[in-house]
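Atoms considered below: every heavy atom in the structure, side chains included; atoms not considered: hydrogens, waters and symmetry mates. Just follow the structure's listing: the first ligand is 1, and inside any ligand the first atom is 1. Bear in mind that the values here come from a model prediction, so they are computed numbers and not experimental data.
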Amino acid sequence: MGSYTDVALIHEEVAVAPTFGSSLPVPNVQEIVKSDPLHVPERYLIKNQEDMPKDADHTCNLSSEIPTIDFSLLSRGHKEELTKLDLACKEWGFFQMVNHGVATEVLQGMKDAAAKFFELPVEEKNKVAMTSDDIQGYGHAYVVSEEQILDWSDLLFLIVYPSQYRKLKFWPTTPEEYKEAIEAYSIEVKRVGEELIRYISLIMGMEKDALLALHQELVQGVLVNYYPPCCMPDKVLGKSPHSDTSTITILMQEDNVTGLQIRKEGEWVPVKPIPNALVVNVGDVVEIWSNGKYKSIEHRAVTTESRARLSYATFLFPHDDVEVEPFDHMVESPGSLRMYKKVRYGDYLRQSLKRKMEGKAHTDAAKTAS
Ligand SMILES: COC(=O)C(/C=C/C1=C(C)CCCC1(C)C)=C/O[C@H]1C=C(C)C(=O)O1
Ligand SMILES: O=C(O)CCC(=O)C(=O)O
Ligand SMILES: [Fe+2]
């Protein structure tokens, strides 16, 4: 455990009221829409034409090329599926995962409980609001300056494992089924996520449990993103371009609202929801460990004019004290360049939260001088 003079992290007690992780106070987007559905405050309007989203459902041929991985085939030791996983992590950094074994009722239970929470009056939701010295709870993140363009979304972020890191003061008690729903969902996603990290360990040429062991302990956070409808969906972003600072991220989407877009060949490629599938992406940690062989790809979320969209991102990541750097065997040959510096994960995460979301800024900052 880090020193207590350290600023608060996700699972360290707060000794002093740090600025770490705490976003500057910003308006509640759901309340903006409630008060005037036909107005978008200046701070949300994108300035650069090239950053502006086309309509969320714009067709892009590359969407159909996003890999699909069958988890049940991986579980049965299918070498071809493992090769597909290797390719997906190398070429896309994203894939749709099917046949993961998580019951539809468990997926739906998480969706229903979260939807009920976000439908509550803001006074009720603010009972679990983020505080200035913490990064769990209801509110916003990555807001570090008065000038930055704000995302058209509100969020609820909770650490669920290890259970001793939970801060139940931020867990909604209304709807009363929230705790049960997120626990049922998270234990299943933990099962799938740990297996995926084992398969990634194998495709990196390591023992199946080696990568999990390097986490010291696997930390699991659940982020529910709420994207209210927007009257100018082509002028705002639900979530700015970023790569995830996780080992891997497992995302559940709504069935019939497209919002997630991933960066590929200079295009923003919509990830069309597949009912009951989970979207998996490589995080910065695997990119660094693999010396850039597996890509933590930039992605973003756009909004729609007609309806709200929710997404459920589970981040799996190491303990703060884990030192992350490229594995020797992943630095292709003796002459190859070691692409990243050694970073203490807690510092890496802390740095990422001090910046506004700006594409690959996190991993760029961890690169060795090129
Ligand atoms: C390990 O964490 C992540 O992968 C991660 C973190 C998100 C968050 C915190 C660590 C605390 C504050 C809340 C928030 C959920 C943003 C990934 O988040 C994605 C989302 C953004 C944005 C990002 O940069 O990575
Ligand atoms: O809402 C989405 O589809 C993407 C969310 C995301 O990228 C994140 O929360 O890290
Ligand atoms: Fe993300």
Side-chain angles (χ1 to χ4, degrees), residues 10 21 23 29-30 53 56-57 63 66 92-97 107 110-111 114-115 118 130 135-143 150-160 186 189 193 219-230 233 236-264 268-274 277-287 295-304 307-317 348-349 352-353 355-363:
I10 283 179
S23 268
V29 182
Q30 228 178 328
D57 270 325
S63 288
I66 297 173
W92 284 87
F94 269 84
F95 57 89
Q96 301 256 25
M97 179 173 61
L107 302 175
M110 180 74 237
K111 290 178 180 176
F118 279 94
M130 283 180 172
I135 47 181
Q136 296 191 56
Y138 173 65
H140 304 86
Y142 296 91
V143 181
L150 298 177
D151 287 344
W152 194 259
S153 59
D154 302 315
L155 64 83
L156 172 61
F157 179 69
L158 298 173
I159 293 294
V160 287
S186 295
V189 172
V219 186
Q220 183 172 339
V222 178
L223 167 63
V224 181
N225 294 295
Y226 186 92
Y227 305 98
C230 182
V236 304
L237 281 175
K239 193 171 276 269
S240 301
H242 65 279
S243 67
D244 289 350
T245 43
S246 56
T247 299
I248 59 169
T249 301
I250 300 175
L251 183 92
M252 176 169 62
Q253 299 199 83
E254 301 250 54
D255 285 347
N256 42 25
V257 187
T258 303
L260 173 61
Q261 299 180 340
I262 61 180
R263 196 77 174 150
K264 179 74 175 174
W268 287 109
V269 181
V271 182
K272 304 279 186 192
I274 298 173
L278 293 171
V279 179
V280 181
N281 64 274
V282 168
D284 297 350
V285 173
V286 168
E287 178 173 308
K295 306 287 187 297
S296 177
I297 292 295
E298 208 177 345
H299 52 285
R300 70 181 190 180
V302 298
T303 66
T304 69
R307 56 165 288 183
R309 172 180 177 262
L310 286 86
S311 71
Y312 312 79
T314 294
F315 305 116
L316 298 172
F317 51 99
Y348 183 77
L349 186 56
S352 79
L353 289 164
R355 289 192 183 85
K356 62 184 176 18
M357 283 179 279
E358 227 164 14
K360 290 289 285 171
H362 321 328
T363 44

* Asked: Parallel, tilted or perpendicular for His299 and Phe94, by the 30°/60° rule?
  -> perpendicular
* Asked: Distance from Ser153 atom OG to Tyr227 atom OH, nearest 0.5 Å?
  -> 5.5 Å
* **Proximal ligand 2 atoms for Phe315, defined as those under 4.0 Å from one of its heavy atoms** => 9 (O), 10 (O)
* Asked: Any N or O of His242 that comes nearer than 3.5 Å to an N or O of ligand 2?
  -> yes
* Report the C-alpha distance between Asp284 and Thr245 in whole Å, list the side-chain angles of each, state the deciding distance to 0.1 Å, and finish with yes or no for side-chain hydrogen bond (donor to acceptor under 3.5 Å, both in side chains). => CA-CA 5 Å; Asp284 297 350; Thr245 43; 5.3 Å; no
* **For ligand 2, the portion of Arg300 having any non-hydrogen atom under 4.0 Å away** => neither
* **Stepwise side-chain hydrogen bond (donor to acceptor under 3.5 Å, both in side chains) test for Ser240 and Asp151** => CA-CA 6 Å; Ser240 301; Asp151 287 344; 2.6 Å; yes
* Asked: For Gln253 and ligand 2, does the shortest N/O to N/O distance drop below 3.5 Å?
  -> no
* **Under 4.0 Å to a heavy atom of Arg309 - the qualifying atoms of ligand 2, by number** => 1 (O), 2 (C), 3 (O)
* Asked: Short list, please: which atoms of ligand 2 are under 4.0 Å from a heavy atom of Asp244?
  -> 10 (O)
* **Subset of ligand 2 atoms that lie under 4.0 Å from at least one heavy atom of Leu223** => 9 (O)
* Asked: Relative to the heavy atoms of His299, which atoms of ligand 2 are at a distance of less than 4.0 Å?
  -> 7 (O)
* Heavy-atom distances under 4.0 Å are what count here, so tell me which part of Val271 touches ligand 2: side chain, backbone, both or neither. => neither
* Structure fact -> The salt bridge (charged side-chain N to carboxylate O under 4.0 Å, His left out) partners of Glu254 (sequence neighbours excluded) come to Arg307
* Output all residues satisfying ring-ring contact (aromatic ring centres under 6.0 Å, His included) with Phe95, sequence neighbours left out; order by chain, then residue number. => none
* Asked: Which atoms of ligand 2 are found less than 4.0 Å from any heavy atom of Leu251?
  -> 3 (O)
* Once rounded to 10°, what is the value of the angle centred on the Fe ion (ligand 3) between His242 NE2 and Asp244 OD1? -> 90°
* Interfacing atoms of ligand 2 (cut-off 4.0 Å, heavy-atom, Tyr227) -> 1 (O), 2 (C), 4 (C), 5 (C)
* Work out which heavy atom in Tyr138 is nearest to a heavy atom in Leu156; give both atom names and the distance. => N-CD1, 3.7 Å
* Step-by-step side chain to side chain contact (heavy atoms under 4.5 Å, CB included) determination, Ile297 to Lys264 -> CA-CA 8 Å; Ile297 292 295; Lys264 179 74 175 174; over 6 Å; no
